[in-house]
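Below is one structure; the comments refer to it alone.
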Amino acid sequence: MATFQTSPGTRDILPPDAGRWRELVRIFADGVESAGYQCIVPPMFEDLGVFLRLGDATDVVTKEMYDFEDKGGRHIALRPEHTASVCRAYAQHRPTPPWKVWYSGPNFRYERPQAGRFRQFDQVGIEVLGVDDALLDVEVITLGWQFYESVGLKNVSLVVNSLGDVGDRARYVEALAAYFSERADQLSKEALATLEKNPLRVLDSKREQDAEVIANAPTIGQFLSASAAEHFAAVCAGLEALDIPFTVNERLVRGLDYYRRTTFEYVSTALDSAQNAVGGGGRYDGLVEDLGGPATAGIGFALGVDRTLLACDVEKCFEFGSPQIDAFVIDTTGGTHALRLTTLLREAGFSTDRAFDGRSMKAQMKGADRSGALVAVIIGESEAEQSTCTVRNLSSSEQTTIPLVDLQSHLQTIVGPRKPRRQTR
RNA sequence: GUGGGCGUAGCUCAGCUGGUUAGAGCGCCAGGUUGUGGUCCUGGAGGUCGGGGGUUCGAGACCCCUCGUUCACCCCA
């Protein structure tokens with residue numbers, strides 16, 4: 001018999017972690033919906049071309065894409081992120097700007113897994129299309145910041161930078177390439193390889209050998225156009241006005257080529273693994289146009305669900321206890337009473353579970369205890385004969401026997417009021 | 001793609017320089033308590049020691065291959 005397990009870089013999110021996961025997404029959705037963002041669910045795979053716009057010098061495109069040919073001969077790729085899909089959707093459907101959307105779902109990148117990195121990983125995020133205002137940048141950054149606050153993370157720091165407009169960025173890259181080329185003998189061979197493909201990313205090297213050269217490299221600030229500099233100053237001023245702490249890091253270069261002007265990253269200082277960026281984003285004015293739509297300003301962020309929860313584990317916040325139910329029905333007469341009673345109680349709005357397989361009283365009580373139920377509703381031979389049931393409060397161990405007809409009102413006195421579900425009879 | 005660590009019960013692990021029938025704790029099941037959980041006591045189930053090959057009288061331990069996992073590089077959330 002062959003045995004199977006999850007593919008490398010993927011995993012099962014089991015209870016109770018899956019409940020915690022869902023709660024995290026709920027909190028995120030609450031936050032951004034209160035700011036006017038609406039949910040979007042793009043497909044998980046698209047024409048490969050959609051993602052090639054991320055940049056042909058990016059690893060995400062050149063070596064990490066899950067792509068394949070489908071039965072119709074189309075070249076398909078599993079999405080490595082949401083932003084390109086959202087921009088493709090905008091270009092395809094032309095909604096009225098400003099278009100503010102949020103999403104939650106898995107992305108796929110073929111990488112070697114390690115701490116905080118998976119081949120299938122989930123992100124939540126927002127995107128806004130059609131607004132150029134620096135104050136929107138502030139709103140977006142703030143919403144991400146508030147999300148981390150709302151799950152209780154304390155050790156998150158915000159890093160911002162501006163990559164300038166297209167022209168600024170090109171001039172800077174040119175200057176950077178020249179600078180690094182002059183000092184090629186001092187750089188690691190890995191850095192030199194990166195230099196060939198994308199000089200900007202050399203700034204990301206974590207190798208000690210490269211540290212000094214990088215530290216003295218020209219910075220983007222000197223290359224910003226007047227309008228880009230003004231935009232960035234407005235973003236910083238906005239964050240200050242909201243008392244959101246941040247640092248400007250002119251070395252912050254993000255891995256996707258479409259970024260323009262504002263970029264930012266949320267870093268968990270609680271995570272000591274190499275992957276401590278729990279979220280990031282920036283402006284991508286021009287991406288919609290690249291995908292065949294009208295020239296459109298765009299900005300957004302993506303937050304890693306896995307990494308955020310990892311950070312929560314380290315900070316011991318956003319803990320998720322075992323679920324609790326109202327009642328657990330115990331039936332030692334064969335199970336038919338439990339069948340009727342659980343159905344009745346559920347319709348009345350009480351979350352209710354029971355045991356199966358005709359287990360012993362003791363085993364059923366154990367089940368009740370494990371279920372986290374507040375009360376056990378016991379029906380044995382004598383209760384069945386007299387149309388009563390015994391209600392045991394599992395935390396105080398007090399129990400009384402009452403007529404079955406009084407069960408619902410009695411339960412309410414213990415677990416509180418419950419709203420009846422749809423009446424089915 | 002490159003490099004290091006690790007694969008023994010459902011989980012966390014112990015098994016000394018290779019030597020009889022492979023262990024513990026937790027969890028699970030049952031009994032102690034013929035109707036009552038969470039504590040306690042007793043018992044039980046559960047392992048082809050990741051897989052394949054090799055060395056040896058003998059391998060869970062040693063060697064090779066392979067798969068998985070983990071951490072780091074690369075890169076990114």
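None of these values were measured; they are calculated from a predicted model. The sequence lines fix the lettering, A, B, ..., with proteins before strands; numbering per chain opens at 1.
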Begin from the C-alpha positions of A/Ser395 and A/Asn393 and carry the test side chain to side chain donor-acceptor pair (under 3.5 Å) through to its verdict.
CA-CA 6 Å; A/Ser395 50; A/Asn393 183 324; 2.9 Å; yes
For ring pair (Phe, Tyr, Trp, His ring centres under 6.0 Å), just list the numbers for A/Phe320 and A/Phe318, CA-CA rounded to whole Å, side-chain angles, deciding distance to a tenth of an Å, and then say yes or no.
CA-CA 6 Å; A/Phe320 201 80; A/Phe318 194 60; 7.0 Å; no
Can A/Glu127 and A/Tyr37 be said to form a side chain to side chain donor-acceptor pair (under 3.5 Å), step by step?
CA-CA 9 Å; A/Glu127 312 287 352; A/Tyr37 293 74; over 6 Å; no
Just do the side chain to side chain donor-acceptor pair (under 3.5 Å) check on A/Asp165 and A/His231 with the steps written out, would you?
CA-CA 10 Å; A/Asp165 291 310; A/His231 185 97; over 6 Å; no
Ring pair (Phe, Tyr, Trp, His ring centres under 6.0 Å) between A/Phe28 and A/Phe147, intermediate numbers included:
CA-CA 6 Å; A/Phe28 177 77; A/Phe147 168 70; 5.4 Å; yes
Let's go through A/Glu33 and A/Trp102 carefully: what are the C-alpha distance in whole Å and the side-chain angles of both, what is the deciding distance for side chain to side chain donor-acceptor pair (under 3.5 Å) to 0.1 Å, and is it a yes or a no?
CA-CA 8 Å; A/Glu33 285 187 348; A/Trp102 71 268; 3.1 Å; yes
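The pair A/Arg20-A/Glu23 does not count as a salt bridge, with every side-chain nitrogen at least 4.0 angstrom from each carboxylate oxygen. Salt-bridge formation is detected for the pair A/Asp132/A/Arg261: a Lys NZ or Arg NE/NH1/NH2 atom is positioned less than 4.0 Å from an Asp or Glu carboxylate oxygen.
Atom CZ of A/Phe28 and atom P of B/A77 are 15 Å apart (whole Å). The interatomic distance linking A/Phe51 (CZ) with B/C76 (P) rounds to 17 Å, in whole Å. Taking atom CZ of A/Arg201 as the reference point, atom C1' of B/C74 lies 11 Å away to the nearest angstrom. Atom-to-atom, CD of A/Gln364 to P of B/C29 comes out at 13 Å; the value is rounded to the nearest Å. When rounded to the nearest whole Å, the span between CZ of A/Arg109 and P of B/G1 equals 18 Å. Computed from coordinates, the A/Asn276 CG to B/A72 P distance equals 10 Å when rounded to whole Å. Nucleotide B/A77 holds its P atom 16 Å from the CZ atom of A/Phe147, rounded to whole Å. Separating the CZ atom of A/Phe121 from the P atom of B/A77 is a distance of 7 Å, rounded to the nearest angstrom.
Nucleotides B/G31 and B/U36 place their C1' atoms 16 Å apart, quoted to the nearest Å. Atom name C1', nucleotides B/G3 and B/G10: the rounded distance is 33 Å, in whole Å. When the C1' atom is compared between B/A30 and B/U66, the two are found 43 Å apart, to the nearest whole Å. Atom P of B/G60 sits at a distance of 45 Å from the matching atom of B/C75, rounded to the whole Å. On the C1' atoms, B/C13 is 14 Å away from B/G47, given to the nearest whole Å. Going from the P atom of B/G15 to that of B/G27 covers 23 Å, rounded to whole Å. Of the P atoms belonging to B/A72 and B/C63, the separation is 27 Å, rounded to the nearest Å. A distance of about 23 Å separates the C1' atoms of B/U2 and B/A77, rounded to the whole Å.
Figure legend: A/Arg11 and A/Phe118 shown as a cation-pi pair, the cationic atom lying under 6.0 angstrom from the six-membered ring centre and within 45 degrees of its axis. For the pair A/Arg354 and A/Phe356, the cation-pi test (distance below 6.0 Å, angle within 45°) is passed.
Pairing for B/G7 is with B/C67, a Watson-Crick or G-U wobble pair whose two hydrogen-bonding atom distances lie under 3.5 Å. For B/C40, the paired base is B/G32 (Watson-Crick or G-U wobble, both distances below 3.5 Å). B/C73 is paired with B/G1 under the Watson-Crick or G-U wobble criterion, all donor-acceptor distances under 3.5 Å. Of the nucleotides present, none pairs with B/A45 by Watson-Crick or G-U wobble criteria with both distances under 3.5 Å.
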Return the polar atom pairs (N/O with N/O) between nucleotides 48-51 of chain B and the protein under 3.5 Å, or none.
none

Please write out each protein N/O paired with an N/O of nucleotides 67-70 of chain B under 3.5 Å, distance rounded to 0.1 Å.
residue	atom	partner	partner atom	Å
B/G68	O3'	A/Gln5	NE2	3.4
B/G68	O2'	A/Gln5	NE2	2.9

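Side-chain N/O atoms of A/Arg117 and base N/O atoms of B/C75 include a donor-acceptor pair closer than 3.5 Å.
Separating the CG atom in A/Asn249 from the CG atom in A/Asn161 is a distance of 6.5 Å, to the nearest 0.5 Å.
The residue A/Arg119 sits apart from the nucleic acid: no heavy atom pair falls under 4.0 Å. Across all strands, A/Ala368 comes closer than 4.0 Å to no nucleic acid atom at all (heavy-atom distances).
Between A/Tyr66 and A/Tyr110, a ring centre-to-centre spacing shorter than 6.0 Å is recorded.
Side chains of A/Gln123 and A/Asn107: a donor-acceptor N/O pair is present below 3.5 angstrom, by distance only.
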Letter per nucleotide, 5' to 3', of nucleotides 32-37 of chain B [B base touched, S only sugar-phosphate touched, - untouched; heavy atoms, 4.0 Å]:
B--BBB
